Visitor: 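There's a structure below that I have some questions on.
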Amino acid sequence: MSAPCEPRATAPASAPPPPVPPVPPVASATASAPAARRPALDWRIRFAGLSLIWGFSFLLIKVGTEGYAPFQVTFGRLLAGTAVLVAAMVLRRERLPRSARTWGHLTVAALLLNALPFSLFSYAELTIPSTLAGICNATSPLWGMVLSVVALSEDRPTRRRVAGLGVGFLGVLTVLGAWQGFSGLDLPGTGMALLASFCYPVGWIYVRRTLAGTGSSTLALTGSQLCLATVQLAVVTPLFTSAPTSFPLLPTLSVLALGALGTGLAVLLQYGLVQEVGPTTAQMVTYFIPVIATAAGVALLGEQLSWNTPVGALVVLVGAALTQSRPRRSAAAPPTPPPVPGSPSIGPAGRDPRLPQP
């Protein structure tokens, strides 16, 4: 994806931000911004590509852990993903954040949104199927609603969203086979996958509270964040693992693809979608990920699938969709202006355009 250098925009820090952060008047912003270049591929094709990339990520994690320790898989994917984003930043002549305060907040965001959940998913897939990991990832919107009610005073739940929360967690219990006493389920592995999905909304809320209005572009912030996460894993990995004695072909290719595609290219596709069709439509990719992850695990890895897994996954997705519903805007209400390209677009319920990366 190539695009002209994007102008910076700083969102006002006063007052709680609406679904899209406040921007200067649309007319003046549009007049001063250069004409956006139309992407070569239709957004629907890029949406489908992003769904496939993130859906197959759980399979790639599983294959990667067959040849490397979980921390090594995470470090490899972060290193490859950072390389892709750094190359994009160089091509677009993006500037790194200058504020030490911003770098401090990015360090925390790197831990919550990258280093910790990526590592937890890698450890989880040592003992649970990739299909179950993909379904656990879909619970992020449920955790997000719970946390947003506690941490974001302006995001009050409606009856529909509360019902969606109940439906979603009922789906989780269905996937886990609660009526069977969770027999045959690896509880530590499943717990790590659920904890990984919980990290994402925690990170989104932290980002919303600390990084909105920094003046840096989303690409610069995310590239810097991934770079910091790579440094974190570079420190941790040697402490808990020994250097690999061999580099098996398939696990190595899986880790490289996981990083370059699932952590690098996917982020570029995601931000392009957010800018073109908005965060609400772009985040719908979250609901396709468990479907693709389940199909890939069964078809390519031969993982067993009982009836409660797809049924529970469907219930989880229905509940997650309900928790993300918003009341219809009245005809008299003024429309929300579109985000200025390059501004950090923090969405409702603590959602950052950085969707949960598996």
Side-chain angles (χ1 to χ4, degrees), residues 1-3 39-64 73-89 91-92 94 109-110 112-115 117-119 121-122 130 133-134 137-138 140-141 196-197 199-200 203-204 207 217-227 229-230 233 253-279 281-293 295-296 345 347 351-358:
M1 290 174 57
S2 62
L41 291 177
D42 183 78
W43 73 268
R44 297 171 186 83
I45 297 177
R46 288 178 283 131
F47 182 96
L50 182 60
S51 302
L52 287 172
I53 289 172
W54 274 345
F56 271 86
S57 291
F58 296 97
L59 181 148
L60 295 176
I61 293 172
K62 190 74 170 180
V63 175
V73 171
T74 303
F75 175 67
R77 74 177 290 187
L78 284 171
L79 187 62
T82 300
V84 172
L85 290 190
V86 168
M89 290 170 63
L91 289 175
R92 299 185 185 184
E94 294 283 352
L112 294 175
L113 291 171
N114 303 117
F118 290 1
S119 299
F121 272 124
S122 295
S130 64
N137 184 73
S140 281
S197 71
C199 288
Y200 291 122
W204 296 329
V207 165
S217 73
T218 49
L219 177 58
L221 290 174
T222 305
S224 302
Q225 177 183 305
L226 274 185
C227 189
T230 304
L233 262 294
L253 292 177
S254 295
V255 172
L256 292 176
L258 181 64
L261 299 179
T263 310
L265 177 62
V267 170
L268 298 177
L269 289 174
Q270 173 197 358
Y271 277 123
L273 288 171
V274 168
Q275 290 184 1
E276 184 171 349
V277 299
T281 300
Q283 75 176 355
M284 293 299 293
V285 70
T286 306
Y287 306 119
F288 290 88
I289 292 174
V291 177
I292 296 171
S345 181
R351 289 191 305 273
D352 182 87
R354 285 166 280 197
L355 308 180
Q357 301 179 42

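No experiment lies behind these values; they were computed from the predicted model shown. FYI, side chains are in, hydrogens and waters are out, and symmetry mates aren't considered; it's all heavy atoms of this structure.
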Visitor: How close do G272 and R46 get, counting heavy atoms only, and between which atoms?
Guide: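 Closest heavy-atom pair between G272 and R46: C-NH1, 4.0 Å.
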
Visitor: How far apart are the closest heavy atoms of S254 and G64, and which atoms are they?
Guide: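 Where S254 meets G64 most closely, the heavy atoms are CB-N, 4.1 Å.
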
Visitor: What's the shortest heavy-atom distance between A115 and L233, and which atoms?
Guide: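 A115 and L233 have their closest heavy atoms at CB-CD2, 3.4 Å.
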
Visitor: Mind checking side-chain contact (heavy atoms from CB on, under 4.5 Å) for A295 and listing every partner two or more places apart, or none if nothing turns up?
Guide: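 A295 satisfies side-chain contact (heavy atoms from CB on, under 4.5 Å) with no residue once adjacent residues are dropped.
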
Visitor: Once side-chain contact (heavy atoms from CB on, under 4.5 Å) is applied, do any residues pair with S130, and if so which ones, sequence neighbours excluded?
Guide: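 Only F58, K62, E125, L301, E303 meet the side-chain contact (heavy atoms from CB on, under 4.5 Å) criterion with S130.
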
Visitor: With S224, which residues qualify under side chain to side chain donor-acceptor pair (under 3.5 Å), at least two apart?
Guide: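 So S224 forms no side chain to side chain donor-acceptor pair (under 3.5 Å) with any residue.
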
Visitor: Taking the side chain as every heavy atom from C-beta outward, state whether I292 and S51 have any atom pair closer than 4.5 Å.
Guide: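 Touching, per the 4.5 Å side-chain cut-off.
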
Visitor: On a heavy-atom basis, which atom in G134 and which in P290 lie closest, and how many Å separate them?
Guide: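 That closest heavy-atom pairing would be O-CB, 3.7 Å.
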
Visitor: Roughly how far, to the nearest 0.5 Å, is the CG atom of L269 from the CD1 atom of I45?
Guide: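 Atom-to-atom, I45:CD1 and L269:CG are 11.5 Å apart.
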
Visitor: Let me confirm one number: the CD-OG1 distance from Q225 to T218, rounded to the nearest 0.5 Å.
Guide: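 These two atoms lie 11.5 Å from each other.
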
Visitor: Look up atom OG in S119 and atom CZ in R77, then write down how far apart they are to the nearest 0.5 Å.
Guide: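 Going from the OG atom of S119 to the CZ atom of R77 covers 9.0 Å.
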
Visitor: Output the distance between atom OG (S140) and atom CH2 (W204), rounded to the nearest 0.5 Å.
Guide: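 If I round to the nearest 0.5 Å, the distance is 4.5 Å.
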
Visitor: Rounded to the nearest 0.5 Å, how far apart are CG of L221 and CE of M89?
Guide: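 Rounded to the nearest 0.5 Å, the CG-CE separation comes out at 9.0 Å.
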
Visitor: Considering non-hydrogen atoms only, spot the tightest contact between A80 and A260 and give its length.
Guide: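 Smallest interatomic distance, heavy atoms only, reads CB-N, 3.7 Å.
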
Visitor: Taking all atoms of both residues into account, what is the closest heavy-atom pair of N114 and A229, and its distance?
Guide: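 Result for this residue pair: CB-CB, 3.7 Å.
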
Visitor: Does the side chain of T263 reach to within under 4.5 Å of the side chain of F118, using non-hydrogen atoms?
Guide: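 They are in contact (side-chain heavy atoms under 4.5 Å apart), so the answer is yes.
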
Visitor: As an exercise, state the distance from OG of S57 to CD1 of I289, rounded to the nearest 0.5 Å.
Guide: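 If I round to the nearest 0.5 Å, the distance is 7.5 Å.
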
Visitor: So, using side-chain contact (heavy atoms from CB on, under 4.5 Å) as the criterion, who are the partners of T230 when residues are at least two apart?
Guide: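 With sequence neighbours excluded, T230 shows a side-chain contact (heavy atoms from CB on, under 4.5 Å) to F75, L78, L79, T82, given in chain and number order.
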
Visitor: Is the shortest side-chain heavy-atom distance between N137 and W54 below 4.5 Å?
Guide: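 Side-chain contact under 4.5 Å: no.
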
Visitor: With sequence neighbours excluded, tell me which residues meet side-chain contact (heavy atoms from CB on, under 4.5 Å) with L85.
Guide: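 With sequence neighbours excluded, L85 shows a side-chain contact (heavy atoms from CB on, under 4.5 Å) to L219, T222, L226, V267, L268, given in chain and number order.
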
Visitor: Considering residues at least two apart in sequence or located in another chain, which fulfil the ring-ring contact (aromatic ring centres under 6.0 Å, His included) criterion with F288?
Guide: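 Result, ring-ring contact (aromatic ring centres under 6.0 Å, His included) vs F288: F47.
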
